[in-house]
Amino acid sequence: MKLARDTWLIFQRQIQLLLRNPVWVFVGVFQPVMYLLLFAPLLKPALNAPTQAAAYKIFVPGLLVLLAIFGGLFQGFGLIAELRAGVIERSRVTPVSRLALLLGRSLRDVVSLIVQAVIITLLALLFDLRVFIGDLLLAYLMLALIALMTSAVSYGVALKVKSEDALAPLMNTVAQPVLLLSGILLPLTFAPGWLQGIADWNPFSWAVDGTRALFAGDLGNDKVWQGLTIVAVLAVAGVVWAARQFARSVR
Amino acid sequence: MIETRGLRKSFRSRAGRETKTVDAVRGVNLEVAEGEIFGFLGPNGAGKTTTLRMLATLIEPDGGEATIAGADLRKDPAEVRRRIGYVAQGGSTWDESTAREELVLHARLYGIGKAEAHRRAVRALDAFQLSEYADRKCKTYSGGQRRRVEIALGIIHEPKIVFLDEPTTGLDPQSRAHMWDEIRRLRTEGMTVFITTHYLDEADALCDRIAIMDHGEVVAEGTPAELKREISGEVVLVGLDAATTPKAAELLDTEAYVSKLETVDEGGLRLYVDEGATAIPQVLRRLDHAGLDLRSIELHRPSLDDVFLTKTGRSLRES
Ligand SMILES: Nc1ncnc2c1ncn2[C@@H]1O[C@H](COP(=O)(O)OP(=O)(O)OP(=O)(O)O)[C@@H](O)[C@H]1O
Ligand SMILES: [Mg+2]
């Protein structure tokens, strides 16, 4: 009860501040649209897809997972600014739940990701993408869990390193291989065996496969529950670890 | 209201390859009574902020114990948090928020309901003369206005004790005087106020009792008057050239009214006497007889700086 109330308080404030910054809102919407309009047309020939819609079925889920990963991973920068301004320290002297300090923020990241995802899905519908609403909602759940995990991890790391200069290269180093080995932009179907083998150890690769299966309307595919389970477990682990950093951090 | 026993904290920091340990606070024993303004006076790096952070549950002490407003710091930090307010040295407001938003949110983090939080925000804005700017973003405030918001935040939940870490640093003399009035008002309302400062006049004028801190230890504690009385007598500062100083020291050291004599590094003497007004003419006469020229003579009633000097061998002004 207290946790829910505290989380709501933090979430409300974060959303309020987010909406107050029109540049951010504009970038958040504009960027994915650019991907969709400028990158996607290259895909049909590249993927050798029979139709544009078929290409979208492969590309859109990948793009959404990409947004979820990156949307989360770089949230730590905002937190470092808050840390420096003393806002975190000020929150920590109140009896507010430490988990709520994290969840309120991560929830904002999840919500803004879902808004982006909805915009992209709607646009893709214009390009003849078709997907079942039930499958789509499950796919959104997958995205929400990914964003929850990556943003929690980003916050936790931010509280540990306490400086943008250290956070940027760290997050980039993590993001690069994760991205390349997840088959996000192009499926790994054509990858050589050894690359496949490495990708099997990348949780995001499972998430992407699961999301693609959902967009293909293949709810019964094992990849779906496997992907969901993997990201759910990782999200919980990330949240628990990051909440502990919140309980500890001082400017 | 606050009682600490042997509070300790060291930090390990890495400089290049070596890890160095800084003993920031080494065994602090304090007793602060209800309803007083207690001052922590000390130079940069003395360990004031570290002590405050420990008392405010922000960092865990390495050793020692403390009871704050009846709650045990180690066993029940959550209860301590409910009973105290804390205003950090480096600020605590967010550029893009307004004072009213900050106050309402902060009150609500203490579990206060929405309507009541708004009422309290209005009251606090009023009390700290902030109503005019209440709905402007914090980044547009002057340093003094922002500091007032931060202090209003620290007491929005009407705590029994409030810790203010250097509340007046960076304020102009007028704003400082205002801040002092506001701090006294908190005491009138029954709050116990614990401030840190490195201003001697602030410790002297504002605080009921002070503890002087240096290198992580409390070197003296008492009311400003008590502390000054402890260093008995007054000080006559004799300005001399470096060359004539030793000779003058030799002459004056044997005088009955000089209880202690110290040489100032750049030349000159510091004479501890019972009564400066009668000592000065005698000093003048003595030096004149010996044909020694003096540049200046000055009577110095003991200040907190002298207390600091006696206890640590350094002047707070210089460090
Ligand atoms: N997080 C930290 N890591 C390493 N060393 C620290 C840390 N915090 C404080 N110190 C060191 O502990 C000592 C005491 O610092 P503290 O901030 O308590 O001093 P202070 O009395 O508040 O000084 P000031 O008047 O400058 O605010 C300093 O030497 C400081 O460098
Ligand atoms: Mg300090």
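So you know, we letter chains A, B, ... as the sequences are listed, proteins then strands, and number each from 1. Computed from a predicted model, the values in this text were never measured in an experiment.
For A/Ala100, no part lies near chain B; criterion is any non-hydrogen pair under 4.5 Å. Neither the backbone nor the side chain of B/Glu79 comes within less than 4.5 Å of any heavy atom in chain A. Interface residue B/Leu105: only side-chain heavy atoms are found under 4.5 Å from chain A. Only the side chain of A/Leu17 comes within contact range of chain B, judged by heavy atoms closer than 4.5 Å. Only the side chain of A/Gln16 comes within less than 4.5 Å of a heavy atom of chain B; its backbone N, CA, C and O stay farther away.
With a 4.5 Å cut-off on side-chain heavy atoms, B/Thr93 and A/Val87 do not count as touching.
In terms of heavy-atom pairs under 4.5 angstrom with chain B, the leader among A/Lys2, A/Arg13, A/Gln12 is A/Arg13. If you tally non-hydrogen atom pairs under 4.5 Å between each of B/Gly154, B/Pro159, B/Ser97 and chain A, the highest count goes to B/Ser97.
The distance from atom CG of B/Leu58 to atom CZ of A/Arg92, rounded to the nearest 0.5 Å, is 5.0 Å. One distance of note links CG of B/Leu153 with OG1 of A/Thr94; it measures 11.0 Å at 0.5 Å rounding. The CD atom of A/Glu82 sits 11.5 Å away from atom CG of B/Asp95, with the distance rounded to the nearest 0.5 Å.
No donor-acceptor pair under 3.5 Å is formed between the side chain of B/Arg81 and the backbone N or O of A/Val93. Checked by atom type and distance alone, the side chain of B/Arg108 never pairs as donor or acceptor with a backbone atom of A/Leu9 at under 3.5 Å.
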For residues 144-160 of chain A, dump all side-chain donor-acceptor pairs below 3.5 Å to protein atoms at least two apart in sequence or in another chain.
residue, atom, partner, partner atom, Å
A/Thr150, OG1, A/Ala68, O, 3.3
A/Thr150, OG1, A/Ile146, O, 3.1
A/Thr150, OG1, A/Ala147, O, 3.3
A/Ser151, OG, A/Ser106, OG, 2.8
A/Ser151, OG, A/Asp109, OD2, 3.4
A/Ser151, OG, A/Ala147, O, 3.2
A/Ser154, OG, A/Leu73, O, 2.6
A/Ser154, OG, A/Gly76, N, 2.8
A/Tyr155, OH, A/Arg108, NH2, 2.6
A/Tyr155, OH, A/Asp109, OD2, 2.8

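When the shell of 6.0 Å around CZ of A/Phe30 is examined, it contains 12 or fewer heavy atoms from other residues, nucleotides or ligands. Other residues, nucleotides and ligands place more than 12 heavy atoms under 6.0 Å from the CD atom of B/Glu189. Heavy atoms from other residues, nucleotides or ligands lying under 6.0 Å from CD of B/Glu34 number 12 at most.
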Report task. Step by step, work out the salt bridge (charged side-chain N to carboxylate O under 4.0 Å, His left out) result for B/Glu102 and A/Arg90. Result -> CA-CA 11 Å; B/Glu102 292 285 46; A/Arg90 185 185 106 201; 3.0 Å; yes
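Contact between B/Tyr110 and A/Pro95 at its shortest, heavy atoms only, is CD2-CD, 3.3 Å.
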